[in-house]
Asks: 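Sharing a structure, written as structure tokens. Questions coming.
Start at 1 and go down the list; that is how both ligands and their atoms are numbered.
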Amino acid sequence: KLKKEQINILVVGLNNSGKSTIVNHFKNPEEKSLVTVPTVGFSVEKFQNQGVNFTAFDMSGAGRYRSLWEHHFKSSQGIVFVIDSSDRMRLVVVKDELDTLLHHPDIVDRKVPILLFANKMDTPEALSSVKIAAALGLEKIKDKPWHISSSNALTGDGLQDGVQWLVQQIR
Ligand code: GTP
């Protein structure tokens, strides 16, 4: 029997952007958390999708824990960067954290694919993924594959398309 492919992904983004809710969506019904609480440090989650075994490092987005993200850059084959599309006030902080990630020595020279979820697209204040892409200057990323998907982690809208793109990039 063929061994299932194993992919490590890193899930980052500011606190309250929806990272844990997104990861939870992909887990089996019996393994799903009924409530998501702010992540402390990080949590390691496993799920299957498209015949791939995923190990997701769901990092806390709280300011005091963001320095932990970089420890997992090297071992990650894909980055999932989650943005709260309705949190216009913190879009500059999002850009700062994204730029720090992109310039990190463990990322900068690699063609690691970056999937961005413009999450909470269901909220009235949500910016479109096009506007978010412009605000973050994504067009300047020329040396890595990247993709931005609007998502609603509560219903799952947009999540599967995003992860499908990510798997295509890694395979
Ligand atoms: P930290 O662990 O603190 O870094 O947060 P997180 O990014 O893991 O966020 P979490 O998944 O805990 O979600 C934060 C809040 O946003 C929760 O109340 C979720 O129910 C809510 N939420 C997540 N995704 C969506 C979405 O797409 N739409 C709406 N309306 N709410 C969402």
Side-chain angles (χ1 to χ4, degrees), residues 7-49 54-73 75-102 104 107 112-136 138 146-166:
I7 292 180
N8 290 330
I9 57 167
L10 186 66
V11 185
V12 294
L14 301 191
N15 49 314
N16 198 47
S17 55
K19 299 176 295 295
S20 301
T21 310
I22 288 174
V23 172
N24 201 38
H25 171 84
F26 288 103
K27 290 172 39 182
N28 287 331
E30 65 271 20
E31 292 168 5
K32 273 202 211 314
S33 321
L34 293 175
V35 287
T36 52
V37 294
T39 305
V40 174
F42 66 91
S43 86
V44 184
E45 307 288 348
K46 292 182 185 286
F47 59 87
Q48 274 100 44
N49 193 273
F54 280 89
T55 302
F57 287 79
D58 175 12
M59 305 302 295
S60 169
R64 64 186 172 284
Y65 294 122
R66 281 180 215 151
S67 59
L68 298 177
W69 298 0
E70 64 173 334
H71 297 297
H72 302 276
F73 288 166
S75 57
S76 301
Q77 292 148 278
I79 309 274
V80 178
F81 196 102
V82 183
I83 301 145
D84 176 348
S85 311
S86 69
D87 192 357
R88 298 170 184 224
M89 292 273 289
R90 290 204 298 170
L91 212 45
V92 287
V93 184
V94 173
K95 183 173 182 351
D96 245 35
E97 294 295 352
L98 178 64
D99 288 345
T100 302
L101 179 149
L102 290 170
H104 190 278
I107 297 280
V112 53
I114 302 181
L115 168 64
L116 301 104
F117 279 123
N119 195 40
K120 305 199 185 183
M121 67 179 196
D122 55 296
T123 58
E125 320 81 54
L127 290 172
S128 69
S129 59
V130 173
K131 287 216 168 110
I132 289 175
L136 299 181
L138 298 183
W146 61 268
H147 178 83
I148 185 162
S149 290
S150 291
S151 64
N152 174 352
L154 300 181
T155 58
D157 280 353
L159 296 183
Q160 185 60 32
D161 285 356
V163 169
Q164 219 160 316
W165 175 85
L166 194 62

Asks: Within the side chain of Lys19, is there an N or O that forms a donor-acceptor pair under 3.5 Å with the backbone of Gly13?
Replies: yes

Asks: Got a sec, which residues hit salt bridge (charged side-chain N to carboxylate O under 4.0 Å, His left out) with Lys120, two or more places apart in sequence or on another chain?
Replies: Asp84

Asks: Parallel, tilted or perpendicular, judged at 30° and 60°: which one describes the rings of Phe47 and Phe54?
Replies: parallel

Asks: In a check of side-chain contact (heavy atoms from CB on, under 4.5 Å) between Phe117 and each of Val11, Ile83, Val80, which one passes?
Replies: Val80

Asks: Scan side-chain atoms only and decide if Asn8 and Ser75 contain a donor-acceptor pair under the 3.5 Å cut-off.
Replies: no

Asks: Residues around ligand 1, heavy atom under 4.0 Å from any ligand atom, sorted by chain and number. Can you pull those?
Replies: Leu14, Asn15, Asn16, Ser17, Gly18, Lys19, Ser20, Thr21, Thr36, Pro38, Thr39, Ser60, Gly61, Asn119, Lys120, Asp122, Thr123, Asn152, Ala153, Leu154

Asks: Do Asn119 and Ser151 have side-chain N/O donor and acceptor atoms under 3.5 Å apart?
Replies: yes

